[in-house]
Amino acid sequence: MRLSAKFSGDPDAGSNARAAAEVVRKLRAAFQTGKSKPYEFRIRQLEGLLRFFDENVDILCAALWKDLHKPRQECIVTEIEIVKNEIRSALASLKKWMAPRPAEKSLAIMTDYPFIQHEPYGVALIIGAWNYPVNLLLSPLVGAISAGNCVLIKPSEVSENVERLLEQLLPQYLDKNCFEVVCAGPEDTSLLLKEQFDYIFFTGSTTVGKIVYEAAAKHLTPVTLEMGGKSPVYVDADADMALTAKRIMWGKTLNAGQTCIAPDYVLCTADTQRQLVEAMKKVSHDFSTDQQDSKDYCHIVSDRQFNRLKGLLKDQTIGFGGQTDAETRYIAPTVLTNVDPASDVMKAEIFGPILPIIPVADVDQAIRFVQQREKPLALYIFAKSKKVIEKILRGTTSGGACVNDTIMHVTVDSLPFGGVGPSGLGAYHGFSSFETFSHKRSILWKPHGLDFLYYSRYPPYSEGKTKGLIALLKYRRPLPSWLSTVFIFGLGGLVGYAARVMLTPLFAIRFALNILYRIYKFVVPEQSLPAPGVPPAAR
């Protein structure tokens with residue numbers, strides 16, 4: 001579905017607003033039927049998304065080449081396989097994720113069943129980014145589907161070939177009532193943001209992220225904001241320079257530096273800078289002797305971005321690189337040396353294949369340099385000394401960190417990926433994606449019987465009742481899960497003993513067994529886990 005007048009030829013903003021409202025109403029109506037919630041439905045949608053990738057690899061790679069000159073290997077590894085692994089993880093673990101999670105008990109609720117049920121928020125909006133237009137749109141979609149939401153999927157209009165492809169193909173693999181692909185430019189995206197969603201997931205710049213956050217606040221809609229920032233690299237004097245150079249240059253030239261967690265600048269001593277630049281120059285040549293015509297090197301996405309990046313090279317000392325070509329939007333991998341921290345290249349995230357190096361006196365100055373700036377999305381440390389590594393990790397804050405490598409922490413789906421402060425809000429990947437799109441509903445299920453155990457909470461109040469409640473409610477170490485069962489049978493035994501003393505033996509046995517049965521009937525079913533995704537009360 002296309003909202004934007006530049007595609008539809010419809011200049012009527014009012015009609016676009018009505019179309020935006022209609023698609024949200026359709027998704028909400030589908031969610032309210034409960035269609036997206038069952039385990040079987042979620043599995044079918046995830047399997048459909050997996051088929052989308054399996055059946056369209058070449059088409060996706062072709063679209064990514066047109067938009068970004070993205071090499072096939074980067075397409076497959078960073079756009080397709082990384083999302084497929086998210087899907088495989090969800091397919092393997094969804095039943096466990098959906099199962100109610102027992103909570104810790106206290107003495108006051110020993111016979112009750114407290115648990116957490118993950119429930120879908122409802123209708124979610126996912127806004128993708130142009131630099132990884134498949135990955136950054138469909139990876140969060142895996143979490144939204146797994147959690148049982150209906151989703152409005154909004155690809156980036158900048159990567160227009162991928163946008164067009166997703167609009168045409170994705171609906172063939174997903175339920176059309178619960179999932180809608182909407183193509184829209186900036187103006188019409190603003191119309192979408194006026195609608196009330198139950199969750200918004202945005203990937204993009206901090207500037208646009210603030211706009212999304214402000215729009216969500218009007219409806220008190222929870223959000224995840226995946227943004228970016230200037231991710232620093234510290235290179236210690238004892239680092240393996242050849243290996244360090246290779247891994248930094250790989251992280252910087254991947255997608256031509258158009259990666260939110262790309263190394264943004266390097267901090268090291270002046271002597272280390274000299275060694276590092278020589279090693280980086282050799283690595284760049286090893287990667288390709290003619291990168292402008294290479295099929296292994298990405299180009300810049302648009303003329304606007306190309307001109308912005310070219311302007312950052314002005315008045316800088318170029319260690320190597322610096323070649324540009326406006327016609328193909330090519331910028332060579334470029335290292336800048338002895339960079340002034342006040343220069344334009346250090347004022348905002350670079351988002352291109354340009355790497356400034358800023359000499360510092362020692363690791364302490366490097367830590368202060370990072371502390372004095374906004375919290376980055378990623379931080380990279382290259383060092384052999386465990387003491388140095390731990391000192392930097394303790395002295396700084398970032399969304400994520402990687403020691404002796406770059407980028408690779410984002411591939412570990414058991415690690416939540418997200419920023420902190422200006423670099424982002426919230427996290428996803430693996431189970432964290434499922435949690436992101438789920439409301440954690442707290443439930444306490446109490447049996448009808450055994451009310452005599454709680455007599456002290458009812459009026460008339462007394463000093464003795466108050467002391468009893470304080471003793472019950474006082475925090476202690478969590479009780480072992482088996483203690484409730486022991487308590488139940490112990491209580492039954494005491495009742496039986498009392499009955500044996502007061503009544504005839506035969507009647508006492510029957511009375512005790514009856515009490516045990518009633519206690520077991522009321523308490524034990526509540527303590528056993530319900531079927532995955534089904535609250536106990538629904539059984």
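What you see is a predicted model; the values in this text were computed from it and never measured. Residues take their numbers from the sequence shown, with the count starting at 1.
Residues Glu74 and Asn255 share a closest heavy-atom pair of OE1-N, 3.0 Å. What you find for Gln45 and Tyr173 is that their closest heavy atoms are OE1-O, 4.4 Å. The minimum heavy-atom distance between Lys70 and Trp65, with the atom names listed, is O-CE3, 3.3 Å. Of all non-hydrogen atoms in Val345 and Lys230, the two that sit nearest each other are O-NZ, 3.0 Å.
Checked options Thr334, Ile248, Val233; the residue passing with Leu355 is Ile248 (criterion: side chain to side chain contact (heavy atoms under 4.5 Å, CB included)). When each of Thr397, Thr396, Ile392 is tested with Val370 by the rule side chain to side chain contact (heavy atoms under 4.5 Å, CB included), just one qualifies, namely Thr396. Here the options are Lys440, Lys37, Arg441, the test is side chain to side chain donor-acceptor pair (under 3.5 Å), and the partner is Glu119; only Arg441 passes.
Using bins of under 30°, 30° to 60° and over 60° for the plane-to-plane angle, the ring pair Phe434/His118 lands in the tilted bin. Aromatic ring pairs are classed by plane angle as parallel below 30°, tilted from 30° to 60° and perpendicular above 60°; the pair Phe417 and His429 is parallel. Using cut-offs of 30° and 60° on the angle between ring planes, the pair Phe437 and Phe201 is parallel. Between Tyr199 and Tyr121, the two ring planes are tilted [angle within 30° to 60°].
The ring of Trp445 has its center no closer than 6.0 angstrom to the ring center of Phe115. With ring centers used as reference points, Tyr380 lies 6.0 Å or more from Phe382. Ring to ring, Tyr297 and Trp250 are not that close: their centroids are 6.0 angstrom or more apart.
Annotation: cation-pi geometry not satisfied between Lys26 and Phe31 (NZ/CZ under 6.0 angstrom from ring centroid, within 45° of ring axis). For the pair Lys154 and Phe202, the NZ or CZ position fails the cation-pi test of under 6.0 Å to the six-membered ring centre and within 45 degrees of the ring normal.
Asp405 places no side-chain N or O within donor-acceptor distance of the main-chain N or O of Met408, the cut-off being under 3.5 Å. With hydrogens and angles disregarded, no donor-acceptor distance shorter than 3.5 Å links the side chain of Ser89 to the backbone of Asn85. Thr221 contributes a side-chain N or O that, together with a main-chain N or O of Phe197, makes up a donor-acceptor pair within less than 3.5 Å.
With values rounded to the nearest 0.5 angstrom, Cys178 atom SG is found 11.5 Å from Arg42 atom CZ.
Two residues are said to be in side-chain contact when any heavy atoms from C-beta on lie closer than 4.5 Å; Ile261 and Val410 meet this criterion. Between Ile350 and Leu309, the closest side-chain pair of non-hydrogen atoms falls below 4.5 Å.
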Should Ser433 and Glu86 be marked as a side chain to side chain contact (heavy atoms under 4.5 Å, CB included) after you check the CA-CA gap, both sets of side-chain angles, and the distance that decides it? CA-CA 9 Å; Ser433 292; Glu86 291 276 332; 4.1 Å; yes

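Heavy-atom contacts from other residues, nucleotides or ligands closer than 6.0 Å to NZ of Lys84 number more than 12.
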